[in-house]
Visitor: 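This is the structure I have questions about; it appears just below.
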Amino acid sequence: MIIALILTLGLLALLTALFFARQVSSVSIEKGAASADEVAKLKEISIAIADGAMAFLKREYKILAIYMLAFAVIIVFTIQDHSGQGIPIGPYSAISFLIGAAISVISGYIGMKIATKGNVRTAAAARISLKESFNISFRSGAVMGFGLTGLAVLGLLLVYLGFDALLPAALQGRETLIMEILSGFGLGGSSVALFGRVGGGIYTKAADVGADLVGKVEAGIPEDDPRNPAVIADNVGDNVGDIAGMGADLFGSVAESTCAALVIGAAAFATAPDDIKPFALLFPILVSAIGIVASLVSMFFARPTKEEKVEGALKATLTISTLIMLAAVYPLSMNMLPASFSLVEGGTTFTNLGVYFSIAAGLISGLLIGLITEFYTSHRYKPVREVADASKTGSATNIIYGLSLGYNSAVIPMFLIAVTVVLGYTQAGMYGIAMAAIGMLGTIAIGLTIDAYGPVADNAGGIAEMAGMGKDIRDRTDSLDAAGNTTAAIGKGFAIGSAALTSLALTSAFLTSAKITEINMLEPIVMAGLLVGAALPFSFSAMTMRSVGLAALAMIEEVRRQFREKPGILKGTDKADYARCVDISTQSSLHEMIKPGLLVILSPLIIGFLFGVQMLAGVLIGALITGVMLAISMANSGGAWDNAKKFIETGELGGKGSDAHKAAVVGDTVGDPFKDTSGPSLNILIKLMAIISLVFVPFFVQYNGILID
């Protein structure tokens, strides 16, 4: 019954995504365009953005294919018999890894494909009405949200069923072994997310920084002006970073948190009665599947009638889906889990009600983290307006206020995560922490829908500007984009919070698999691990920030060269070479993503092999603590600088072209890699290190730290 229910809900998500994809694709561009000439311009711009986005994806996926195959081979030959019964789990884990990676790649491709169709249709529909334009961009986001969630749920279930059929029925500890193999699925998804986030983030910010500094600051031309050679690359980057990158990031979170809960649950429910055991084992996947229904119902409440109502309508869907989940998960927890269970024989006894409270804690804290992020990043509130006001005295004070805001904004989310961890652990032990992470991601379908809506609306505004559709149309797309900016910031806060719980859940699963019952923080090897782990997020951030700087430098020089060698570009008599800028962003991002990627992948492997699981546990905890704080502060500083600039552009503090505006543009340029490259990429660092540690537990246990021994 539970298998049939999960399959049905997974298929419902895919059918929902297909339905919305057809709705978006069937919209005629001609319907909203004012003339045949405008139609031609819209199509030309749209094709250039789509071609640039797909060209990047294809080149990135070729590099990823080589990495995936090489890493799969490493898994095969390093992870040997962990069962003690002659079952080499390396080949099984490698298959699981490749399937997870493939599904993550497919998810990113689908989201990118529909986003590059929805952006131009959103722009064209803005001439008809705000409602029509909003519906197209929102449905474009829904394709990504429901498609990714459906693929994640079905992928996890089908891989589980496949290994359940392959492994001998008489194998001792069979369920635990299957769940450990299944963790390779999460590793595959998170590996793609690492390169998608880092590569996509470098791409989009190289283009954005180059377009802003040379176009807006030096040349004094508006944002998205067709005379700017970097403008197409900038619009391509929105899709690359915020569609494919964010999608892969959250796919990884869903897969990883579910795998962590499955691993811990397999040990917790090993002795459960046969009539309830299958339900208990697959319960984490079912919770994610139920979130599909909650998200689908909440979509009907996204009906803004006025420009100022767009942001509220988007936030309402998140709140409603959370309330539906809170109501739906209770009867499932009471009926599909044992009334009481223990994670270790003779250990503390927990109840199914405790599991429900853990899920509820994750759901509520996820929503609260999103709302707190909005407070610190929306220009409707005091913190961002203070940053804007500081711009009156120059870019230095703008940056000082933005950094201060970011540091301060990390305090309450960390407190909420701490409360969630304590509640989860006291109510259901390590299993409770894992289920809290799944709870936070329970509404991922609608959360990702809202997040993917943002870059589609942003692209629509750029397309409207480049096509010369007029100020009224641009004002309408700007209202959609403004709401998308705030919800994107909410999405980043949500992603960071869920990454923290996911990483902690994976660390718990790692400790369970390594049979570590306690960690002594006073042990020198553990303390060394904490210090090394705490340093890794800073090293990673330095690498990604520098990568953006190097890529942006190449873009700036190219834009300056074109303005210098072709004076007619700024006069409107000559055409900019967009393709060259797209190529620079592509080459730079693919080259620069390698070093940060290797840092994340190799660190746990080397530490676990040379120094053992105790030090590796310290590394994971140290990286988690500093990584989350750094990620929240960077993402919120960047979001605040962006919206402070937009607040001034509404006409406040002198409006566009004023000294305050120029200072705010500089602050926004500094914040771009904060919020779209380094900050979000830290999500992947803390999750990927933990999932690598979990997958390679048999290897680490076998050698147990060769230098320490």
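What you are looking at is a predicted structure, and each value in this text was computed from that prediction instead of being measured.
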Visitor: Is there a donor-acceptor contact under 3.5 Å linking the side chains of Ser190 and Glu256?
Guide: yes
Visitor: So, applying side chain to side chain donor-acceptor pair (under 3.5 Å) with Lys687, which one of Ser253, Ser498, Ser503 is it?
Guide: Ser253
Visitor: Are Ile243 and Thr116 packed together at the side-chain level, in the sense that at least one heavy-atom pair is separated by less than 4.5 angstrom?
Guide: no
Visitor: Please find the pair of heavy atoms, one from Ile75 and one from Ser93, that lie closest to each other, and give the distance.
Guide: CG2-CB, 3.7 Å
Visitor: Going from CD1 on Ile103 to CG on Leu158, what distance comes out if it is rounded to the nearest 0.5 angstrom?
Guide: 8.0 Å
Visitor: In Å, rounded to the nearest 0.5 Å, how long is the span from CZ of Phe185 to OH of Tyr160?
Guide: 15.0 Å
Visitor: How far does CD1 of Ile496 sit from CG of Asn636, to the nearest 0.5 angstrom?
Guide: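 Answer for the CD1-CG pair, Ile496 versus Asn636, is 7.0 Å.
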Visitor: Would you check if Met325 and Val287 make a side-chain contact, meaning some heavy-atom pair closer than 4.5 Å?
Guide: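 A side-chain contact under 4.5 Å exists here.
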Visitor: What heavy-atom pair brings Phe56 and Thr586 nearest, and what distance separates the two atoms?
Guide: CD1-CG2, 4.0 Å
Visitor: Among Ile433, Leu506, Thr502, which residue satisfies the side chain to side chain contact (heavy atoms under 4.5 Å, CB included) criterion with Ser257?
Guide: Thr502
Visitor: Below 4.5 Å, heavy atoms only, C-beta onward: do Pro284 and Met435 meet side chain to side chain?
Guide: yes
Visitor: Is any side-chain heavy atom of Ile114 less than 4.5 Å from a side-chain heavy atom of Ser25?
Guide: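 With C-beta onward as the side chain, the pair touches.
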Visitor: Calculate, to the nearest 0.5 Å, the distance between atoms CG and OG belonging to Asp458 and Ser137 respectively.
Guide: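 It is 11.5 Å, given to the nearest 0.5 Å.
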Visitor: Do the side-chain N and O atoms of Ser191 and Tyr67 include a donor-acceptor pair separated by under 3.5 angstrom?
Guide: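 Judged by distance alone, the side chains do pair up.
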Visitor: Taking the side chain as every heavy atom from C-beta outward, state whether Leu363 and Thr443 have any pair of such atoms under 4.5 Å apart.
Guide: yes
Visitor: Ser46 and Asn119: which non-hydrogen atoms are nearest, and at how many Å?
Guide: OG-OD1, 4.2 Å
Visitor: If the plane angle is over 60° it's perpendicular, under 30° parallel, otherwise tilted; pick one for Phe20 and Phe146.
Guide: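 Phe20 vs Phe146 ring planes: tilted.
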Visitor: Taking all non-hydrogen atoms of both residues, which atom of Ser96 and which atom of Val159 are closest, and how far apart?
Guide: OG-CG1, 4.1 Å
Visitor: Tell me, do Val600 and Val198 make a side-chain contact under 4.5 Å, heavy atoms counted?
Guide: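 No. Closest side-chain heavy atoms not under 4.5 Å.
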Visitor: Please round to the nearest 0.5 Å and tell me the distance separating atom OG of Ser681 and atom CE of Met593.
Guide: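 The CE atom of Met593 is 11.5 Å from OG of Ser681, to the nearest 0.5 Å.
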Visitor: Would you check if there is a donor-acceptor pair between the side chains of Ser140 and Lys117 at a distance under 3.5 Å?
Guide: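 No, Ser140 and Lys117 have no side-chain donor paired with an acceptor closer than 3.5 Å.
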Visitor: Which distance, rounded to the nearest 0.5 Å, do you find between the NZ of Lys58 and the CD1 of Ile63?
Guide: 15.0 Å
Visitor: State which residues pass side chain to side chain donor-acceptor pair (under 3.5 Å) with Glu374; sequence neighbours excluded, sorted by chain then number.
Guide: Lys315, Arg380
Visitor: Given side chains that start at C-beta, do those of Val120 and Ile45 come closer than 4.5 Å, heavy atoms only?
Guide: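 Sidechains of Ile45 and Val120: no contact.
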Visitor: Determine, stepwise, if the pair Thr544 / Ser678 fulfils side-chain hydrogen bond (donor to acceptor under 3.5 Å, both in side chains).
Guide: CA-CA 6 Å; Thr544 51; Ser678 297; 2.7 Å; yes
Visitor: State, yes or no, whether a side-chain contact exists between Ser288 and Ile438 at a heavy-atom distance under 4.5 Å.
Guide: yes
Visitor: Within the 3.5 Å criterion, strictly below it, is a donor on Thr420 or Ser365 matched to an acceptor on the partner's side chain?
Guide: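 Judged by distance alone, the side chains do pair up.
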Visitor: Give the minimum heavy-atom separation between Gly108 and Met144, together with the two atoms involved.
Guide: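 Heavy-atom minimum between the residues: CA-CE, 4.4 Å.
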